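Structure record follows, encoded as structure tokens.
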Amino acid sequence: MITIKNVLCNQLVKRCSFALRSSEIRFLFMLFTMIVTLTLVTVVHAVIHVQSPSDPVLRTSFTIDDNELEFGNIPKALRFDCHPEDGASQLSCTNRGCCWDPMDDVNDSGNLYALDAPVCYYPENWPSYEFINSTIEGKDFSGFLTRKVKSFYNNDIPIIKMETTTLSHSILRVKIHDPQSPRYEPPWPVKSNWKISNVKDSSPKYIFQTDSSRPGFAIKRAADNNTIFDAIGKGGFIFSDQFLQISSLLPSHNVYGLGEHRTRLKLNTNWNSFTMFNKDQPPTERVNLYSSHPFYIVIEESGDCHGVLFLNSNAMDIILQPAPAITFRTIGGIFDFYFFMGPTPADVLRQYAEVVGKPFFPPYWSLGFHLCQLGYGSVSKTREVWNRTRNARIPFDTQWNDIDYMENRNDFTYDKKNFKDLPQFVDEIHLAGMHYIPMIDAGIAAAEKAGTYLPYDEGLRDDVFVKDAETNQPFIGKVWNPIATVWPDFTHPKSAMYYFRMLKTMHDMFAFDGLWIDMNEPSNFLNGKVNGCTYNKFDYPQYVPHVVDRLLATKTLCMNAKHHLDSHYNLHNTYGTGQAIVSNLAMKKIRMKRPFIISRATWEGAGHYAGHWTGDVYSSWHDLRMSIPEVLAYSLFQVPMVGADICGFDGNTSVPLCNRWVQLGAFYPFARNHNSDDTIVQDPVAMGALVVKSARKALLIRYRFLPYLYTLFFKAHKFGDTVARPLFVEFTNDKNTYNIDKQFLWGKSLMIIPVLEENKVEVTAYIPPGPWYDFYTKAFISSTGKNFTLKAPLDTIPLMIRGGSILPGQTPNVTTTLSRKNKFELLVALDYKGLATGELYWDDGDSLDSLEKQQFRWLNFTVKGQKLRNREVEKGNFSQHMILGRVSVMGVSRKVHRVFLNDNSSIPFTYDISRLYLNVKGLYVDLKRKFTLSWAFEE
Ligand SMILES: *[C@@H]1O[C@H](CO)[C@@H](O)[C@H](O)[C@H]1NC(C)=O
Ligand SMILES: *[C@@H]1O[C@H](CO)[C@@H](O)[C@H](O)[C@H]1NC(C)=O
Ligand SMILES: *[C@@H]1O[C@H](CO)[C@@H](O)[C@H](O)[C@H]1NC(C)=O
Ligand SMILES: *[C@@H]1O[C@H](CO)[C@@H](O)[C@H](O)[C@H]1NC(C)=O
Ligand SMILES: *[C@@H]1O[C@H](CO)[C@@H](O)[C@H](O)[C@H]1NC(C)=O
Ligand SMILES: *[C@@H]1O[C@H](CO)[C@@H](O)[C@H](O)[C@H]1NC(C)=O
């Protein structure tokens, strides 16, 4: 006999000891939820605030025999792991007051994280904290909880406080912290930037609930009482110094987000762990990668959608299990949750953007094609590739250099021998109307002779380097630099000025236009210092999340390294974003134009300062395919400027692969071909005629529709809308779209359907219900929501235009500088009723204050009753030429007799009756003024 206090391995479902099918499991959850709901006592925003007695059945002490403990029959899907450390045994499990059930089918292969139902799991209502008191002031709840039973982790916080903040009727913050001694909270996103609309009058879309006898809280959707988050008494609620855990039931399996990981877009809830700890790690399934975004969105069964941000930057595991349920298990900080009530996915993302910050507004040129390779090795080699790409008349705007341009691979220098002509080359690039971007690594060389390398000397003088906890001197590791590397501390108040001075000095040498910041996880070639890290509570915490090698300092700094603000242990995941912030500020001051920064490591809110590329992807068909969910996940994280290295970074690409990759890459929001120095040369010309043909064809389409893409970036910047858009964002009521991540949209109107397999010249795509048009043939498809097989010749990427759309375009040329001089066009795709709408945002493409100074034109277009017209959405004064040269209309189902401009003059046109296609060319219409273009049918 084992006697355990307050344990109930499952009284509730013991009565149902039959094998459970999933429908029955669902039923049990409902039952479970109902019972839980009965015990809910504190209902904020509801009129009555009731105190109910705690449920006696759930609160009794038990004496349970071995048999009952071993086979306590909480359904597997509902078992929350009580022993996430390795080496669970029946004794260690039951010592925790948990249930032990060694299942026959358990995977005990050893080192791999057991992605299965746990063998050691919490009983229901495992005791931890209970409320002492609670109050409601206005709309907000606050309550104190006291620890009842010690957890098995060191330094439980004895009293914790839970408070809610009503940020708007759609955004609720729930913060659980130590009221006696403030704990670490991430410095970014900057909360003082919040300008959240105060909507005192309207009633919140959420209902917040607690239970006086049990920790946790629940959130319901007010409109339908659907519980979207239920963490009351689920799993093991723990708040100790270095182990914080909370579990919640989820309302559906449609879960997205939780990056950066290599996963499908729709996350697998069948026992999956997502570890958040920024690491220099080529994208691979099931491991932590460069960035951390503890944010997810869920489409509920009703089709309504909500989002949850867990604003905690410590290393953590987030576990999804088939209940469906989620567990947040972090090793520091506090619980700081933000609930975004939607109800559409677009609403959720706009609300989330209010908290983490809206994406930066990119310069127009950055929407062009970018080209790079590590190891050109010289200006002449770089120029040769630049030149041949231009000679091939491939649309191309920005040449890059990786670290080989640097002297000794040291930041803020350039190689005076092999890159001696870099300043002239950059001028030459500018003369061609193009741009140049160099790489900057996070680490600074620390072993150059004193007086020969100012970035180190001045950093020392300003005391801006991260410090070694043992010596209180700069923390020394090793990256690309000779011998030794130190790292700027971007939480140091002087770091922004330091970075500005370094970049300004470099900019005075060669006038680069943007920055590529790398190795900022931060990456280190050592595990900590030369001799590793000392044994301390940060490097060897009681619980280590499932980071690669289960050692936090693997290929990074020691966790006890000191930043101005706090320990590296706390700040690690924010480091790259800190670098992005100071880089953004510096570039703004240096160029007085829009900064363009691409960062490898990102954290919540990074998109306000920088874009992201997906790191060291492999030149494989699998990596090509997985790049789509990665780009789409970043759209959700409010980092719309994102792309994978076209044709792959590591390993040799091949013509068939690179051919399909340039086609897909032409539709990444950030389109750059880049690869490693030990792989074959893979710029389009080097890959031969087919790749050149595909690159030219796909990129000319990109350049033609850059005004549309730019408008999408404007809307991302202004509202937090997505650019590369998952289908479910547009077609939320169509469940067929929930799992689609081999095709995607630009905005609402253009669907991109890449070929992702070798030797295929057709592709099966899901076409959501409605009218659609093949971009190339103008063929009309009236879909009822079905799969279609589309032709995809080797040089062509299938594209579909959604009926009801008007896409603004511009005659393309080989650079954005040239294409911006051309006339605009409008491509109209009518819906069943002959209607269509679209928008165009336009400005000079590079000024910092175009929006503030109203130096823009923001127009919309509508077609109704065979008449196209424009309107100004918001007043702007941008005065340069904006000439409309062409209007083409797909889906004109009757023969057109005449076309009129401004109702009076009849103008030339062509009408193709077989394709239902009206084409009006040779226009010269000032878009800044009101106009109409209409067509009349034959009587
Ligand atoms: C609730 O309890 C805490 C901790 O004991 C105490 O500090 C606080 O004043 C109490 N609040 C109310 C409203 O009673
Ligand atoms: C939600 O539940 C409350 C309390 O039980 C009830 O008053 C309300 O009518 C319900 N609302 C909906 C939309 O079902
Ligand atoms: C660039 O291309 C042009 C046109 O083919 C050629 O005349 C010139 O020599 C090339 N320059 C370099 C540096 O390769
Ligand atoms: C479309 O095809 C995919 C892959 O073959 C399949 O998984 C999906 O169920 C199909 N969708 C519909 C609506 O038939
Ligand atoms: C592209 O620009 C070149 C150089 O200005 C010009 O000669 C050419 O006509 C342009 N082509 C188009 C299609 O605009
Ligand atoms: C276009 O903008 C005008 C003025 O802001 C607005 O009234 C109209 O509803 C807009 N039309 C569309 C289709 O967005």
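Just follow the structure's listing: the first ligand is 1, and inside any ligand the first atom is 1. Bear in mind the structure is a predicted one, so any value in this text is a computation, not a measurement.
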Practice item. Please check if atom NZ in Lys417 has more than 12 non-hydrogen atoms from other residues, nucleotides or ligands closer than 6.0 Å. Key: no
Study note, to complete from the structure: Applying salt bridge (Lys or Arg N to Asp or Glu O under 4.0 Å) to Lys821 and not counting sequence neighbours gives none
Practice item. Give me the one residue out of Asp241, Asp178, Asp566 that meets salt bridge (charged side-chain N to carboxylate O under 4.0 Å, His left out) with Arg183. Key: Asp241
N/O donor-acceptor pairs under 3.5 Å from side chains in residues 426-438, not counting sequence neighbours:
{"unit_1": "Glu428", "atom_1": "OE1", "unit_2": "Arg383", "atom_2": "NE", "d": "3.2"}
{"unit_1": "Glu428", "atom_1": "OE1", "unit_2": "Arg383", "atom_2": "NH2", "d": "2.8"}
{"unit_1": "Glu428", "atom_1": "OE2", "unit_2": "Arg383", "atom_2": "NE", "d": "3.1"}
{"unit_1": "His430", "atom_1": "NE2", "unit_2": "Ala511", "atom_2": "O", "d": "3.4"}
{"unit_1": "His430", "atom_1": "NE2", "unit_2": "Asp513", "atom_2": "OD1", "d": "3.1"}
{"unit_1": "His430", "atom_1": "NE2", "unit_2": "Asp513", "atom_2": "OD2", "d": "2.7"}
{"unit_1": "Tyr436", "atom_1": "OH", "unit_2": "Asn401", "atom_2": "OD1", "d": "2.8"}

Practice item. Sequence neighbours left out, what pairs pass salt bridge (charged side-chain N to carboxylate O under 4.0 Å, His left out) with at least one residue falling in residues 330-348? Key: Arg173-Asp336
Practice item. Answer yes or no on whether Lys416 is positioned over the face of Tyr414, meaning its NZ or CZ is under 6.0 Å from the six-membered ring centre and within 45° of the axis. Key: yes
If you look at each N/O of ligand 3, which protein N/O atoms lie under 3.5 Å away, and at what distance?
{"unit_1": "ligand 3", "atom_1": "2 (O)", "unit_2": "Asn387", "atom_2": "OD1", "d": "3.3"}
{"unit_1": "ligand 3", "atom_1": "2 (O)", "unit_2": "Asn387", "atom_2": "ND2", "d": "2.2"}
{"unit_1": "ligand 3", "atom_1": "2 (O)", "unit_2": "Asn391", "atom_2": "ND2", "d": "2.9"}
{"unit_1": "ligand 3", "atom_1": "5 (O)", "unit_2": "Asn391", "atom_2": "ND2", "d": "3.1"}
{"unit_1": "ligand 3", "atom_1": "11 (N)", "unit_2": "Asn387", "atom_2": "ND2", "d": "2.8"}
{"unit_1": "ligand 3", "atom_1": "14 (O)", "unit_2": "Asn387", "atom_2": "ND2", "d": "3.2"}

Review point. Do any N/O atoms on Asn225 end up under 3.5 angstrom from N/O atoms on ligand 2?
Key: yes
Exercise for review: Decide whether an N or O pair under 3.5 Å exists between Thr135 and ligand 1.
Suggested key: no
Check your understanding: Under 6.0 Å from the six-membered ring centre of Trp365 and within 45° of its axis: does the NZ or CZ of Arg820 meet both?
Key -> no
Exercise for review: May I ask you to list the atoms of ligand 2 that are less than 4.0 angstrom from any heavy atom of Ala223?
Suggested key: 13 (C)
